[in-house]
Amino acid sequence: MSARPIILQGGRVLDPSRDFDETADILIVDGKIESSSGKVGSRDDAEIIDCAGLIVSPGFIDVHCHLREPGREDVETIATGARAAAAGGFTAVCAMPNTDPVTDNQAAVGFIIRQAQRANASRVHVIGAISVGQKGETLAEMGEMVAAGAVAFSDDGRPVVSAQLMRTALEYARSFSIPVIDHCEEPTLSHGGSMNEGIVSARLGLKGIPSEAEEIMVIRDILLARRTGGHVHLAHMSTAGSVELIRWGKERGINVTAEVCPHHISLTEDRVEGYDTNAKMNPPLRTAKDVESLRNAVKDGTIDLIATDHAPHHYDEKEREFADAPNGIIGLETALAVSVTNLVETGHIDFRTLVDKMSCAPARLFGLPGGSLGRGTVADVTVFDPSREWDVDPSEFRTKGRNTPYVGMRLKGRAVCTIVGGNLVHRL
Amino acid sequence: MTSALGKDLLGLEFLSSEQIRLILDTAEPFKEISERSIKKVPALRGSTIVNLFFENSTRTRISFEFAEKRLSADTVNVSASGSSVQKGETLVDTARNLEAMRIDMVVIRHSASGAAQFLAERIESNVINAGDGTHEHPTQGLLDLLTLRDHLGDLTGKRVCICGDVLHSRVARSNIWGLKHVGAEVAVCGPRSLLPNAIEEFGVTVFERIEEAIEWADALNVLRLQLERMTAGYIPSSREYNRVFGVSRERLERAPRDILILHPGPMNRGVEIDSDVADGPHSVILHQVTNGVAIRMAVLYLLAGGRPELAEAAKGGRP
């Protein structure tokens with residue numbers, strides 16, 4: 001069933017995929033972009049949305065989130081996650097496979113796709129596990145999962161410890177032209193750690209995770225990508241050293257791409273002070289120097305895209321001793337505002353680059369629909385207010401999670417409308 | 001009434017030097033109570049105190065219990081084994097249940113860094129940190145300061161070296177902050193694998209060799225080397241540790257001045273400290289234990305809202 005045509009009227013249409021940045025109307029008919037430059041005459045059958053003062057961009061795509069279903073439906077479901085995505089301006093998200101059971105076979109992939117269709121909100125793409133059960137031992141049936149709809153592979157939450165397995169995964173995934181995503185963490189170095197290693201961890205008496213735990217795996221993966229020609233995508237980069245290594249790899253034409261999470265470009269290890277478990281994530285919050293380096297890496301293109309690592313947890317699980325609390329924070333409904341506040345407002349990037357990092361690059365690198373407002377493209381559109389200020393109140397979120405370090409913070413930038421396949425799935 | 005220390009005693013890092021001096025000065029009159037034949041004053045009569053020990057402890061728990069009893073408080077001891085904790089109850093639920101029974105103070109020992117603060121933020125009662133993970137052990141730091149002051153006088157400019165496993169030691173952190181607050185010079189000495197990577201940022205001197213530390217220091221605070229550090233691979237063996245970092249009489253004899261030897265206990269004789277040092281003339285280890293009771297009485301008294309200038313009077317019998 002197709003919705004009424006929609007006219008997005010008079011907004012600043014910002015579409016880096018076509019190098020287009022002008023005030024224009026967008027006409028959406030039958031789930032596709034019918035017109036996206038110039039003015040559109042009024043139509044009696046269309047819903048007209050006034051976009052004056054707003055930015056109209058290709059829909060945001062989050063390549064990294066945890067929707068917890070199957071297994072932890074008390075914490076998040078595919079439906080609540082997809083609605084949270086819509087509220088945050090994401091027209092599509094990619095669900096990580098560390099569910100229970102693990103998404104490591106075609107049936108599990110099919111389940112997520114069906115649940116997402118039922119949810120009727122933002123699109124949910126599936127990331128399959130690299131290894132059976134995410135155990136890091138034997139390769140999962142990648143070919144069958146791709147046939148069922150998987151768009152990438154990852155053992156996220158766990159590093160691929162075996163270099164041989166990582167090599168094989170990169171080689172094997174080449175047949176399907178899809179990326180292998182690694183959670184870079186050398187486990188013997190990070191073992192028992194719950195925050196960045198440094199003066200704050202030393203003072204608080206918490207075991208630290210040195211930046212080298214990430215960087216050792218970053219360079220390993222880059223070297224394996226060079227050897228195999230496979231596409232390695234590095235999840236949630238958190239250190240200045242990782243940025244240097246990725247830059248080194250890209251300069252040599254190695255097929256490496258990388259993402260950064262909003263929290264790693266906005267918060268530092270100081271946020272752990274007072275043992276706030278909402279500042280606990282893996283990789284951990286690092287130093288001001290790392291934050292600055294990551295912001296500059298977004299600017300110069302070393303970091304390809306912004307991803308949330310949305311990780312809802314039950315409040316009971318976060319309400320405990322720091323070392324025992326689970327890693328992760330929710331991010332779908334704050335990602336845009338945190339990025340506007342900490343990248344655009346600070347002068348590191350302009351809105352065009354922001355839209356590229358949140359929409360065009362994810363679509364391009366992961367081969368996903370969307371990422372463009374070109375005529376005939378699927379009508380996945382985000383309309384956001386670049387200057388709207390709001391105070392973060394987790395009780396208003398669509399996600400079931402409430403675990404955010406941004407509670408009470410004033411941020412700038414908010415999604416006003418989210419359109420998926422021509423359907424309005426969110427309107428502020 | 002807000003006490004001079006605030007609601008809780010969680011660590012020494014964020015106390016002021018005045019607050020630390022206040023505790024040490026308040027402990028002075030309380031020392032004498034333990035020397036009496038009737039070791040009891042009514043200062044905390046009617047107060048209910050729970051000693052919540054999630055980790056095994058002999059010395060600290062008994063010391064707190066004596067301090068509480070000598071101030072006439074009603075005390076209850078809860079240990080993790082055999083309690084609801086073993087049945088899977090969370091720390092916050094344990095605390096809320098205790099508080100529902102209308103208590104006044106909680107003394108908590110826990111294996112997780114931050115556990116005392118966690119508790120303090122969630123209950124109305126005063127919370128005293130009796131050791132949280134590898135974070136702080138403030139009453140130990142205070143009793144060490146009191147012992148050093150008893151022997152060295154004013155600690156401004158005095159040189160104290162903390163020796164051993166600083167990385168995993170809550171005693172070390174409380175000592176570093178406490179000593180710096182009272183103006184002492186602080187150093188650490190131990191294998192680099194047992195020092196925090198960022199140790200210099202604490203503003204302390206680092207000695208690689210114990211001989212250098214002994215040449216420099218007025219006092220050594222020798223930390224216990226926990227045997228699980230060997231199995232975790234931080235150092236090769238306790239034998240080698242003793243050879244390279246152990247405090248021996250032979251090494252002390254080469255010191256240019258008399259050095260005080262402190263140890264928070266329990267000692268591994270023949271590992272971090274040799275018996276003839278522990279039992280020798282430089283050792284003030286048992287004096288630390290005696291001072292522990294007075295320090296804890298002072299902390300309990302002050303947190304309960306007791307006025308420091310009345311400590312002498314409280315000692316005389318008036319509440």
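Note on naming: letters A, B, ... go to the chains in the order of the sequence lines (proteins, then strands), and numbering restarts at 1 for each one.
- Expressed to the nearest 0.5 Å, how far CD of Glu121(B) lies from OH of Tyr275(A) amounts to 10.5 Å.
- In this structure, Ile199(A) CD1 and Ile199(B) CD1 are separated by 7.5 Å, a value rounded to the nearest 0.5 Å.
- Interface remark: Arg170(B) contributes no atoms to any contact with chain A (heavy atom separation under 4.5 Å).
- Taking non-hydrogen atoms and a 4.5 Å limit, the residue list of residues 284-295 of chain A in contact with chain B is empty.
- Using a 4.5 Å cut-off between heavy atoms, Glu197(A) touches chain B through its side chain atoms alone.
- In this structure, chain A has a heavy atom under 4.5 Å from the side chain of His110(B), while its backbone stays farther away.
- Residues that satisfy the side chain to side chain contact (heavy atoms under 4.5 Å, CB included) test with Ala120(B), not counting sequence neighbours, are Lys7(B), Asp8(B), Leu10(B), Val127(B).
- The parts of Glu201(B) that come within reach of chain A are both its backbone and its side chain, each placing non-hydrogen atoms under 4.5 angstrom from that chain.
- The number of heavy atoms from other shown groups lying within 6.0 Å of CZ (Arg209(B)) does not exceed 12.
- Here the shortest heavy-atom pairing between Ala202(A) and Phe202(B) reads CB-CE1, 3.5 Å.
- For Ala323(A), no part sits under 4.5 Å from any heavy atom of chain B, backbone or side chain.
- Under the side chain to side chain donor-acceptor pair (under 3.5 Å) criterion, Asn327(A) pairs with no residue at all, not counting sequence neighbours.
- With contacts defined as side-chain heavy-atom distances shorter than 4.5 Å, the pair Leu204(A)/Ser113(B) does not qualify.
- A heavy-atom distance below 4.5 Å is found between the side chains of Arg203(A) and Trp177(B).
- Closest approach of Leu206(A) and Thr134(B) over heavy atoms only: N-OG1, 4.3 Å.
- Asp93(B) contributes atom CG, which lies 11.0 Å from atom CZ of Arg320(A) (distance to the nearest 0.5 angstrom).
- Glu212(B) meets the side chain to side chain donor-acceptor pair (under 3.5 Å) test with no other residue; sequence neighbours excluded.
- Counting non-hydrogen atoms of other residues, nucleotides and ligands closer than 6.0 Å to CD of Glu244(A) gives a total of 12 or fewer.
- Glu321(A) and Phe118(B) get closest at one heavy-atom pair: N-CE1, 4.4 Å.
- Counting non-hydrogen atoms of other residues, nucleotides and ligands closer than 6.0 Å to CG of Asp391(A) gives a total above 12.
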